[in-house]
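A short worksheet on the structure shown next.
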Amino acid sequence: MALCLPNASPFLVMLSMWLLISCSEAKEYVVGGSDNSWKVPLPSPDSLSHWSNSHRFKIGDSLVFKYDERTESVHVVNETDYERCNTVGQEHVVFNDGNTKVLLTKSGLKHFISGKKSHCQMGLKLAVVVMSNNKAKKQLPLPSPSPSPSPSSSPPSRSPSPSPSPSPLPNNQGVTLSSGAGFIEVVTWLVVIMLLV
């Protein structure tokens, strides 16, 4: 078997391939962790906030909203419209196809609400923190979904949250790799073995 880089160390070639694969790995998240979870009633008004806080979203990842297009829609909105459940706005991006996939292209907060104000007020809204690829590995804390308590006279300290954040969903429920990384890793290891033999 001829190698394109005859003077390159097999280790360096494999290291380069591994870095390329791990940096390009994007995930696809089904909002709420299961099909048709963008609907009311929700298990609790803050269940989507808990779901969001249990994941680390980065640039290149996708959110998939699955819902009944006859009764529901998804609006991408600014923070003010998110807080007020304002379903009408010139800057809103509206989806009503029942299977909406949103690519996360910029770091920062991204806000989504139901197209029905009453559904939004019942908790059918989602805010996600999108991290740049280099920050995603540092596991930065996410902002709290509820207002912060007023400052006290004691020195600043990390106050415990009223309820612990949920653990990530078991077996990566609602999360899939969209880069085919599993297959690529197997091929990479086969190449390594072939180079060593």
Side-chain angles (χ1 to χ4, degrees), residues 26-67 71-150 158-169 172-176 178:
K27 294 182 181 176
E28 191 172 278
Y29 296 88
V30 176
V31 172
S34 63
D35 288 353
N36 204 21
S37 57
W38 188 254
K39 67 177 182 178
V40 292
L42 294 164
S44 71
D46 58 352
S47 63
L48 289 175
S49 293
H50 286 296
W51 176 83
S52 175
N53 288 337
S54 71
H55 294 85
R56 298 287 185 250
F57 305 100
K58 66 181 191 231
I59 295 172
D61 289 345
S62 298
L63 297 177
V64 179
F65 295 82
K66 297 191 178 210
Y67 53 94
T71 60
E72 202 53 73
S73 63
V74 177
H75 291 221
V76 182
V77 299
N78 60 40
E79 187 172 5
T80 302
D81 288 347
Y82 171 83
E83 293 296 331
R84 295 179 181 167
C85 286
N86 183 10
T87 59
V88 179
Q90 291 180 341
E91 297 176 8
H92 290 199
V93 178
V94 178
F95 299 97
N96 55 13
D97 61 357
N99 189 23
T100 300
K101 184 175 181 178
V102 178
L103 180 63
L104 303 174
T105 59
K106 293 191 281 188
S107 61
L109 279 170
K110 192 115 172 145
H111 300 89
F112 305 89
I113 64 172
S114 165
K116 291 191 174 182
K117 187 171 186 125
S118 62
H119 291 186
C120 177
Q121 291 169 333
M122 289 188 271
L124 195 55
K125 59 184 184 175
L126 176 70
V128 298
V129 176
V130 181
M131 296 179 273
S132 64
N133 291 333
N134 59 349
K135 291 181 183 177
K137 294 180 183 359
K138 295 181 184 176
Q139 300 294 309
L140 298 175
L142 295 173
S144 172
S146 58
S148 302
S150 60
R158 187 177 180 127
S159 60
S161 59
S163 62
S165 294
S167 300
L169 295 169
N172 290 331
Q173 182 181 3
V175 182
T176 58
S178 59

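Computed from heavy atoms alone, side chains included, the values below leave out hydrogens, waters and symmetry copies.
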For the pair [X] (side chain) and [Y] (backbone), establish whether a donor and an acceptor sit closer than 3.5 Å, ignoring hydrogens and angles.
| X | Y | answer |
| --- | --- | --- |
| Ser52 | Ala127 | yes |
| Lys125 | Cys85 | no |
| Trp38 | Ser73 | yes |
| Asp61 | Lys58 | yes |
| Ser37 | Val31 | yes |
| Asp46 | Ser49 | no |

Closest contact, heavy atoms only, [X] versus [Y]:
| X | Y | answer |
| --- | --- | --- |
| Ser114 | Cys120 | CB-N, 4.0 Å |
| Val30 | Ser34 | CG1-O, 3.4 Å |
| Met122 | Val40 | CE-CG2, 4.0 Å |
| Ser107 | Ser132 | CB-N, 3.8 Å |
| Leu48 | Leu124 | CD1-CD1, 3.9 Å |

If I take atom [atom1] from residue [X] and atom [atom2] from residue [Y], how far apart are they, to the nearest 0.5 angstrom?
| X | Y | atom1 | atom2 | value |
| --- | --- | --- | --- | --- |
| Leu42 | His50 | CG | NE2 | 11.5 Å |
| Arg56 | Asn53 | CZ | CG | 8.0 Å |
| Gln121 | Lys116 | CD | NZ | 13.5 Å |
| Asp81 | His75 | CG | NE2 | 10.5 Å |
| Ile113 | His92 | CD1 | NE2 | 5.5 Å |
| His119 | Thr87 | NE2 | OG1 | 11.5 Å |

Practice item. Indicate the ring-plane relationship of Trp51 and Phe57, choosing parallel, tilted or perpendicular according to the 30° and 60° boundaries. Key: tilted

Practice item. For the pair His55 and Tyr29, name the ring-plane relationship: parallel under 30°, tilted 30 to 60°, perpendicular over 60°. Key: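 Because their plane-to-plane angle is over 60°, the rings of His55 and Tyr29 count as perpendicular.
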
Check your understanding: Taking the six-membered ring where the residue is Trp, are the ring centres of Phe65 and Phe95 under 6.0 Å apart?
Key ->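 Between Phe65 and Phe95, the centre distance exceeds or equals 6.0 Å.
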
Review point. If we ignore angles and hydrogens, is there a donor and acceptor under 3.5 Å between the side chains of Asp97 and Tyr67?
Key: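 Checked: Asp97/Tyr67 side chains pair up, N/O donor to acceptor below 3.5 Å.
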
